[in-house]
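Have a look at the structure below before the remarks.
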2 protein chains.
Amino acid sequence: MEKKRPFDCGVTRSMEVIGGKWKINILWAISRGEPIRFNQLKRAVQGITNVMLTRSLKELIAYNLVKKKDFNTIPPHVEYSLTEKGASLVPILRTLDQWGKKNL
Amino acid sequence: MEKKRPFDCGVTRSMEVIGGKWKINILWAISRGEPIRFNQLKRAVQGITNVMLTRSLKELIAYNLVKKKDFNTIPPHVEYSLTEKGASLVPILRTLDQWGKKNL
DNA sequence: CTGTATCCATGACGATACTG
DNA sequence: CAGTATCGTCATGGATACAG
């Protein structure tokens with residue numbers, strides 16, 4: 001999802017997670033009220049469409065930052081929550097958040 | 001240089017700095033050997049072109065993370081170094097770097 | 001309710017040549 | 001040495017309709 005970068009440093013790899021337009025907000029929305037269902041998430045992340053929410057969640061799950069529980073019912077019922085790895089990223093994002101608010 | 005984001009959180013604003021393809025590497029190159037001249041920087045950030053280096057530096061200067069000293073000589077001689085603000089970002093990037101290396 | 005299938009716009013990124 | 005001018009490409013993001 002990211003263009004190729006010159007060096008394979010850790011920040012570069014982290015950017016694959018926080019670099020998209022929605023993924024940070026999705027992570028925060030999940031961390032606030034996990035577990036959370038698809039449509040709750042859609043309401044929490046204002047302005048996001050089905051397409052983008054689905055895409056972003058797939059990536060987050062692929063990175064193992066978010067996990068999905070599917071109840072296999074009809075109508076469908078799924079729940080998203082953070083993995084340990086995902087939870088470990090949140091404090092770092094908060095630091096960045098504070099820096100951004102203070103310095104930009 | 002970034003697409004509009006849904007919320008104006010600090011991370012979002014920070015992303016304007018670390019979101020580009022080159023800016024992180026430029027920041028690191030400067031922090032390693034400041035002050036540094038244009039062509040030194042170009043060699044340090046492998047693969048970057050004049051165009052992208054100039055563009056990125058302009059943004060970093062606009063955010064007040066990098067400052068430029070122009071000696072106004074012929075041939076030209078300029079030097080780039082980090083501002084305090086820029087220097088304050090580096091440790092955070094290191095944290096992200098470690099997280100990325102460990103978790104991705 | 002939780003997605004998928006299409007098709008399209010925009011802008012970040014870049015190759016190349018040129019300049020004071 | 002330190003840039004600028006042009007012009008092209010392609011990925012990201014999105015609107016809309018539809019499906020199980």
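Scope of the values below: all heavy atoms of this structure, side chains included, with no hydrogens, waters or symmetry mates. Below, read A as the first sequence line, B as the second, and so on, with proteins coming before strands; counting in each chain starts at 1.
Among the nucleotides dG14(D), dG3(D), dA15(C), the one closest to any side-chain atom of Trp22(A) is dG14(D). Among dC1(D), dC1(C), dT4(D), the nucleotide with an atom closest to any side-chain atom of Pro75(B) is dC1(D). Considering only side-chain atoms of Lys68(A), the nucleotide from dG3(C), dA2(D), dT4(D) that sits closest is dG3(C). In the set dT4(D), dC1(C), dT4(C), the nucleotide with an atom closest to the side chain of Asn50(B) is dT4(D). Here the side chain of Arg37(A) is nearest to one of dT2(C), dA2(D), dG13(D), namely dT2(C). Closest to the side chain of Val78(A), from the set dT16(C), dT2(C), dC1(D), is dT2(C). Here the side chain of Arg55(B) is nearest to one of dC1(C), dG13(D), dG14(C), namely dG14(C). Of the candidates dG3(C), dA5(C), dC1(D), the closest approach to any side-chain atom of Phe38(A) belongs to dG3(C). For Thr49(B), counting side-chain heavy atoms from C-beta on, the closest listed nucleotide (dC1(D), dA15(D), dA15(C)) is dA15(C). When distances are taken from the side chain of Met52(B) to each of dA5(D), dG14(C), dG3(D), the shortest belongs to dG14(C).
Between Lys23(A) and Glu59(A) there is a salt bridge, since a side-chain N of the basic residue sits under 4.0 Å from a carboxylate O of the acidic one.
To the nearest angstrom, P of dG13(D) lies 11 Å from CD1 of Ile26(A). Distance, Lys69(B) NZ to dA2(D) C1': 17 Å, rounded to whole Å. The separation between Asn72(A) atom CG and dG20(D) atom P is 17 Å, rounded to whole Å. If you measure from atom CE of Met15(B) to atom C1' of dG13(D), you get 15 Å, rounded to the nearest angstrom. Rounded to an integer number of Å, the gap from NZ of Lys23(A) to P of dG13(D) is 7 Å. In this structure, the CG atom of Leu57(B) is 14 Å from the C1' atom of dT4(D), given to the nearest Å. Here the P atom of nucleotide dA11(D) and the CD atom of Glu16(A) are 15 Å apart, to the nearest Å. Note: CD1 (Ile48(B)) to P (dA12(C)) measures 16 Å, nearest angstrom.
At the heavy-atom level, Tyr80(A) lies under 4.0 Å from the strands shown only through sugar-phosphate atoms.
Between His77(B) and Phe71(B), the angle of the ring planes stays under 30°, which puts this pair in the parallel group of the 30/60° scheme.
Neither OP1 nor OP2 of dT2(C) sits under 4.0 Å from any side-chain N or O of Lys58(A).
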